[in-house]
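Worth knowing before you read on, the calculation uses all heavy atoms, side chains too, and leaves out hydrogens, waters and symmetry mates.
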Amino acid sequence: MTKAEIFDKIADIIADRFETDRDAINDQLNFKQDLDADSIDFVEFVLELEDTFGAEISDEDAEKLNTIGEVVDYIDAHQNQAK
């Protein structure tokens with residue numbers, strides 16, 4: 001899966017989960033600052049990412065993910081390691 005495909009899937013999840021305009025989602029979007037995501041929102045989002053991409057994201061790694069771009073890079077890196 002390409003980074004663009006990963007971004008599109010993540011953007012769809014964010015638009016649905018955080019009721020955000022899909023066109024306003026970009027790599028720099030910050031979960032806490034731009035989406036007002038609290039810790040419960042973020043944990044649920046990470047769980048959905050794990051289901052969607054078949055990847056496990058440790059709590060330690062999840063804490064480091066602040067922007068959409070960081071999540072895309074993380075998913076991309078971990079899917080490539082599995083190949």
Side-chain angles (χ1 to χ4, degrees):
M1 186 177 296
T2 67
K3 279 190 169 188
E5 292 169 327
I6 293 169
F7 175 85
D8 285 340
K9 282 190 174 199
I10 292 172
D12 289 341
I13 292 169
I14 289 169
D16 183 48
R17 177 168 293 282
F18 295 99
E19 298 177 5
T20 301
D21 180 12
R22 172 68 171 79
D23 295 332
I25 298 171
N26 62 54
D27 283 351
Q28 301 305 312
L29 192 74
N30 185 290
F31 295 105
K32 293 175 185 152
Q33 294 171 356
D34 299 323
L35 297 175
D36 292 325
D38 61 23
S39 58
I40 293 172
D41 291 332
F42 190 71
V43 167
E44 290 174 347
F45 172 68
V46 168
L47 292 173
E48 191 166 350
L49 287 175
E50 290 177 336
D51 288 344
T52 300
F53 294 101
E56 189 170 320
I57 303 171
S58 71
D59 292 343
E60 184 178 292
D61 286 344
E63 288 175 12
K64 298 174 189 172
L65 302 174
N66 297 304
T67 66
I68 307 304
E70 291 171 355
V71 174
V72 170
D73 290 342
Y74 182 89
I75 297 292
D76 183 55
H78 287 78
Q79 112 182 326
N80 289 340
Q81 288 177 355
K83 290 180 180 176

Main-chain N/O of D38 paired with D41 side-chain donor or acceptor, under 3.5 Å: yes

Side chain to side chain contact (heavy atoms under 4.5 Å, CB included) partners of E60, counting only residues at least two apart: S58, K64

Exercise: identify the closest heavy-atom pair between F45 and V71: CE2-CG2, 4.4 Å

Same cluster (ILVMFWY, side-chain, under 4.5 Å), M1 and V72: yes

For H78 against D61, the heavy-atom pair lying closest together: NE2-OD2, 4.4 Å

Distance, nearest 0.5 Å, that separates CD1 of I6 from CD1 of I75: 7.0 Å

Nearest-0.5 Å distance, OG1 of residue T2 to CD of residue Q79: 8.5 Å

Any D36 side-chain heavy atom under 4.5 Å of F31 side chain: no

Residue D59 excluded, over 12 heavy atoms near CG under 6.0 Å: no

Inter-residue atom distance L35.CG - L29.CG, 0.5 Å rounding: 4.5 Å

Salt-bridge contact D8-R22 (side-chain N to carboxylate O under 4.0 Å): yes

Interatomic spacing from CZ in F7 to CG in N26 - rounded to 0.5 Å: 6.5 Å

V46 side chain near F42 side chain, heavy-atom distance below 4.5 Å: yes

K9 and F53, any side-chain heavy atoms less than 4.5 Å apart: yes

Spacing of CD belonging to E48 relative to CD1 belonging to I10, to within rounding of 0.5 Å: 11.0 Å

Rounded distance (nearest 0.5 Å) linking atom CD1 of I13 with atom CD of E44: 13.0 Å

